[in-house]
Engineer: 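Pasting a structure here, questions to come.
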Amino acid sequence: MTATPVATPLLTATDVTIERGGRGLVSGLSLQVMPGEIWQVEGVNGSGKTSLLRVLSGLSRYGYDGQVERAVPLLYLGHRSAVKPLLSPLENLRLHPGGEGDHTDSDIERALAAVGLAGFEDNLAGTLSAGQQRRINLARLYLSPCPLWILDEPFTAIDREGVLALEQRFAQHAQAGGAIVCTSHQPLNVQASVSRLSLDRERAA
Amino acid sequence: MTATPVATPLLTATDVTIERGGRGLVSGLSLQVMPGEIWQVEGVNGSGKTSLLRVLSGLSRYGYDGQVERAVPLLYLGHRSAVKPLLSPLENLRLHPGGEGDHTDSDIERALAAVGLAGFEDNLAGTLSAGQQRRINLARLYLSPCPLWILDEPFTAIDREGVLALEQRFAQHAQAGGAIVCTSHQPLNVQASVSRLSLDRERAA
Amino acid sequence: MWSFFHKLGSPPWLYSIAGTILRWLLPITLVVLVAGAVWGLLYTPPDFRQGNSYRIMYIHVPTAVVALAGYYVMAIAGAISLIWRMKMADVAMRAAAPIGAMLTFLALVTGAIWGKPTWGTWWEWDARITSMLVLFFLYLGVMVLYDAYDNKEAAGRACAVLSLVGTVNIPIIYKSVDWWYSLHQPASIKFTGESTIDSSMLYPLLLMIVAFYALYTCCLLMNMRTELLRREARTGWVRRLIVEEGKG
Amino acid sequence: MNTLPTVAFMRRLLRRQLLLALRSPVDVANPLIFFGMVIVLFPIGLGPDPVILARFAPGILWIVALLSSLLTSDALFRSDFDDGSLEQLLLSPQPLYLSVLSYVLAHWLITGLLLALMAPLFAIMLGLAVQAIAPLVASLALGTAVLSLVGCIGASLTVSLRRGGMLIALLVLPLYVPVLIFGSAAVQAAVDGFSVLPYLAILAAMLSLGIALAPFAIAAGLRIGIDA
Amino acid sequence: MNTLPTVAFMRRLLRRQLLLALRSPVDVANPLIFFGMVIVLFPIGLGPDPVILARFAPGILWIVALLSSLLTSDALFRSDFDDGSLEQLLLSPQPLYLSVLSYVLAHWLITGLLLALMAPLFAIMLGLAVQAIAPLVASLALGTAVLSLVGCIGASLTVSLRRGGMLIALLVLPLYVPVLIFGSAAVQAAVDGFSVLPYLAILAAMLSLGIALAPFAIAAGLRIGIDA
Ligand code: HEM
Ligand SMILES: Nc1ncnc2c1ncn2[C@@H]1O[C@H](COP(=O)(O)OP(=O)(O)OP(=O)(O)O)[C@@H](O)[C@H]1O
Ligand SMILES: Nc1ncnc2c1ncn2[C@@H]1O[C@H](COP(=O)(O)OP(=O)(O)OP(=O)(O)O)[C@@H](O)[C@H]1O
Ligand SMILES: [Mg+2]
Ligand SMILES: [Mg+2]
């Protein structure tokens, strides 16, 4: 990376308060996500991780207080994986509605190989296993030009080797100046410093 | 338990061969699941764990070779969790289509408390978080009278404490003479002996 | 008897026996078909009212008759495949559907073509015509359902269920449509042939019906052979077959 | 093991379906609203001549009721398939024949019966003769039960197909034809002052046949769908 | 960043929708089959009298085309919502107005245009006058485009509701009424030997208005649906 005089935050949340169904989930959270940072949002089931990530990514535009500023394009991968069972993995990515980049087929094939789907490029996604379908979506981590990733439990249904490979990719992305906000119930083993944000504390308060 | 002269297997699979989309997944597998046993089926994504479990549970009635005999009623929990978003957790269990036992409401409330859903009994399931919805389904592990459990990645989306509690329940079930066949990408920490069945080896062969 | 049943379940045997039957039946069918067509089209007197246009009857009536019978062939095959789990019945059912649909379609089209000179319209909501159209939709349903399933084994069983449901319904549909038509004041149009058909026209017609039954059987057997090859593409006997064909 | 008596299980399933329907009351009202709105389309599409409308009212009412029933039957098993409830139902130790009957009954109560009860309103709007209204209700109540049975067969055969939306129409509409004929004939007979009993008897016969046979087909369809 | 040009993205979305449709060819054929089958129901329900049928043909054809379009528009965004594709579309840096137009265009190509092209067959079966057939095709082609736009608004508003199946009918049918009126009037005019151009011009005007405004409503509906 070229030397930037002052690094600007990729994502700034100021005094965010989220309430759902009469329960306060997040109160007065302020957060700055700088390039190179990895944030892991932690909390028990129902503590508000998904709700927070949807607010940060801009999918929830109402139902919260506070400001969120996103300085750069972002990639959001949620609980649902936007994979069409009737398209092959290759077509799924080639015709993806995310529309954030222009990829050649060989780019996509390389990304699919990186998530262990080499050889499955042309099977219909609907015939793949649960983990393989999630992997199609995760291939976007090898394709997307977005510097900021917001990932909601990216390791769901992924086997151990798959998790290792993804953790490497996380470190690589952080090193290249990107930033990641993710949730996971397992500890992250990344070769980079991981900041933790626990929502349990908030709830207890 | 009363002393039984010879323990009969709860589930017997003989020479099971499964093929999907032209790929051999399982070949010539023979398996006897005895009371008190816990089997963990392992394998990378797409190795055939789900396919095998569906054959063992009787959901796939065609598309495989070999015999499977189920000596007792079984409880199958799959990737999809049979939870109705428009019903509360309490109603979901009270009106469950599984129909294997007759439970009072206080039974159900106790089971829901055991999976950490105390206080959420009457919220609509659709408003709960991903993990909480899975937990509704897992409450059946505290309710069902079935001695044989077949569980496909029961820990998906469950937080760490939740996993611990489930592992305790597993041990308890095995001690009481039940048996479990489950898949998980994480190692099982159960106070009982766990037999492993790896599908990767099969595939390599 | 049992061994015959057993053999029926064996794809290579079925494939070869179908081939043998075809070798005899196909030439005979063609001869009868040509004979019937020539007799009907060239050597019968013109109808006193319809002139020569009635000659389309020699295609229309056989197709209509066989199309109806074809549904029962399909349904019986479906029942066998459901009850005895016989894959070959599945193959037969799969093979029967498109032929039946095609024949029904032909009956509809020839009927429409015939209707123009005789009734002055292409289409008439007559009881038999309407129920033929419903039959066409039943056939289409089976074909489309088969295509909709990715898993062809499941597709076969689903279609078997559907065609069985259809068999219960076909008599009901026919009865009710017939009855529906007589409820409303019948239109002025009647099938001309019904009672007045002359024996000089009848015999070639009967010959054509026989020819179409034979043709149906040929198409069925040919379709079954193709379907067998497609399903068993990866088994030993098909590979051996390909090698032999290559040599021969 | 304290197993659940089958009748209790059937009642449980029925309660479940009805509760789900009541939770989204829109869904209960929808077939009715659809029925009403499509009936309103007819005067717009065919012209507002009251004599003509009254003459064709039996046919129009029956066609629209049939479409309403068709369109709701598609969703009958789909959400249960998508969320895995159907797997649980098939694994349950209870007889599938009877479980499936509960589903059909729930469908009929929510759409068929309600439609039959609402139909007089629209019949009057279309100018149907007064003496034909009771036969309309009776024929709809009987006939929609047959439609529900047949519709459920279609729904079970298409449940595992991703976008079955209209495929079910192809499978099921031809089978609806006899019901439409006898149903509208019953109403027409009443308009013309003839006895409706023969028609209702035929509908009832179809219903008995349907209750005896359809659940087998539905159960088979569901098993196939789960397997596919 | 090598961002994707908007036109390329629109083409990509269009290709995606068409490919999905072609992957299940059943789905493409289905609205057509539905169209055909429901048209068959009319003679059965109303009686086979050719004069009456011919007289009602414009209205029947238009009502059934409208139902076909309605029933397919419901599914337009639903699977994309269920599997999360819609979230991705909303997060995409591309203008939503145009993305949404691609969806509408795909829907029209798959249902409206195909229906218009198939309609002459059924028109002949109902005995529609020959000189009215070309106007029928033209009015259907124009009118179904409006129906697709309006239907997509309804689909976007109901996408997050679990069983929207028929709610969309309630929202959308009142808006369909003008199209039905002018569409069937165009065909009727042709039957009666009058000029159809005024009617087609009105349909075209509605279409321009729809193209200009509907995408805003659809985009807003989708944002609301994702948020709910
Ligand atoms: C699209 C229009 C038509 C359809 C779908 C149709 C269908 C049928 C069917 C289903 C049969 C019955 C076969 C059986 O009884 O097993 C039949 C027979 C026959 N049709 Fe047609 N038909 C059509 C038009 C016509 C026309 C226009 C004529 C002549 C004016 C005609 C003359 C006959 C005759 C003579 C027979 C055989 C004699 C009989 O069984 O009564 N059909 N057609
Ligand atoms: N209907 C089908 N058609 C073709 N291939 C199929 C079909 N169903 C499953 N497969 C293939 O079978 C393989 C095993 O699938 P399965 O779901 O059993 O894997 P799994 O071990 O459960 O994986 P995961 O850990 O991701 O859940 C996959 O590679 C998949 O592509
Ligand atoms: N629409 C809603 N109405 C009422 N309550 C809601 C709604 N949406 C979310 N909630 C509540 O908000 C809480 C947080 O949900 P969220 O999905 O953010 O949790 P999470 O931390 O992502 O949990 P998990 O680890 O299970 O994914 C849950 O307790 C849920 O009941
Ligand atoms: Mg979450
Ligand atoms: Mg799996």
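Convention: sequence-line order gives letters A, B, ...; per-chain numbering from 1.
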Engineer: Mind jotting down which residue pairs meet the salt bridge (charged side-chain N to carboxylate O under 4.0 Å, His left out) criterion with at least one end in residues 80-97 of chain B? Sequence neighbours excluded, please.
Structural biologist: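 Qualifying pairs, neighbours excluded: B:R80-D:E87, B:K84-D:D80, B:K84-D:D83, B:E91-D:R23, B:R94-B:D105.
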Engineer: Between B:S60 and chain D, with a heavy-atom cut-off of 4.5 Å, which part of the residue counts as in contact: side chain, backbone, both or neither?
Structural biologist: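 B:S60 touches chain D through backbone and side-chain heavy atoms alike.
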Engineer: How many angstroms lie between atom CG of D:L20 and atom CG of B:L86, to the nearest 0.5 angstrom?
Structural biologist: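 Between D:L20 CG and B:L86 CG, I get 6.0 Å after rounding to 0.5 Å.
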Engineer: List the atom of D:S92, the atom of B:G98, and the distance in Å for their closest heavy-atom pair.
Structural biologist: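 Of all heavy-atom pairs spanning D:S92 and B:G98, the closest is CB-O, 2.7 Å.
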Engineer: Do any pairs count as a ring-ring contact (aromatic ring centres under 6.0 Å, His included) and have a residue in residues 144-164 of chain B, sequence neighbours left out, and if so which ones?
Structural biologist: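 Output for this query lists B:W149-B:H173, B:F155-B:F170.
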Engineer: I'd like to verify something: which residue of D:L19, D:L13, D:L86 has the highest number of heavy-atom pairs under 4.5 Å with chain B?
Structural biologist: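 Of the candidates given, the most pairs with chain B belong to D:L19.
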Engineer: Could you measure the distance from the CG atom of B:L59 to the CD atom of D:Q88? Nearest 0.5 Å is fine.
Structural biologist: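 These two atoms lie 8.0 Å from each other.
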Engineer: Sort B:R70 into side chain, backbone, both or neither according to what part of it lies under 4.5 angstrom from a heavy atom of chain D.
Structural biologist: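 Neither part, no heavy atoms under 4.5 Å.
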Engineer: Report the C-alpha distance between B:R54 and D:I226 in whole Å, list the side-chain angles of each, state the deciding distance to 0.1 Å, and finish with yes or no for side-chain contact (heavy atoms from CB on, under 4.5 Å).
Structural biologist: CA-CA 10 Å; B:R54 289 177 74 89; D:I226 286 292; 3.7 Å; yes
Engineer: Answer with side chain, backbone, both or neither: which region of B:H96 has an atom nearer than 4.5 Å to a non-hydrogen atom of chain D?
Structural biologist: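 Contact with chain D involves both backbone and side-chain atoms of B:H96.
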Engineer: Give a yes or no on this: more than 12 heavy atoms of other residues, nucleotides or ligands lie within 6.0 Å of atom CD of B:Q67.
Structural biologist: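 Open: at most 12 neighbouring heavy atoms sit under 6.0 Å from CD of B:Q67.
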Engineer: Mind checking which of residues 205-224 of chain D sit less than 4.5 Å from chain B, heavy atom to heavy atom?
Structural biologist: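 Listed by number, the contacting residues are D:R223.
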Engineer: Can you pull out the residues in residues 10-18 of chain B with any heavy atom less than 4.5 Å from chain D?
Structural biologist: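 So far as heavy atoms go, nothing in residues 10-18 of chain B approaches chain D to under 4.5 Å.
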Engineer: A side-chain contact here means heavy atoms from C-beta on lying under 4.5 Å apart; do D:P93 and B:P73 qualify?
Structural biologist: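 No, their side chains stay 4.5 Å or more apart.
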Engineer: Distance check, rounded to the nearest 0.5 Å: B:D102 atom CG versus D:F9 atom CZ?
Structural biologist: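 Going from the CG atom of B:D102 to the CZ atom of D:F9 covers 11.5 Å.
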Engineer: Can you tell which part of D:L89 gets under 4.5 Å to a heavy atom of chain B, answering side chain, backbone, both or neither?
Structural biologist: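 For D:L89, heavy atoms of backbone and side chain both lie under 4.5 Å from chain B.
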Engineer: Around atom CD of B:Q32, are there more than 12 heavy atoms from other residues, nucleotides or ligands closer than 6.0 Å?
Structural biologist: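 Yes.
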Engineer: If I measure from the heavy atoms of chain D, does B:S144 come under 4.5 Å with its side chain, its backbone, both, or neither?
Structural biologist: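 Looking at B:S144, nothing touches chain D.
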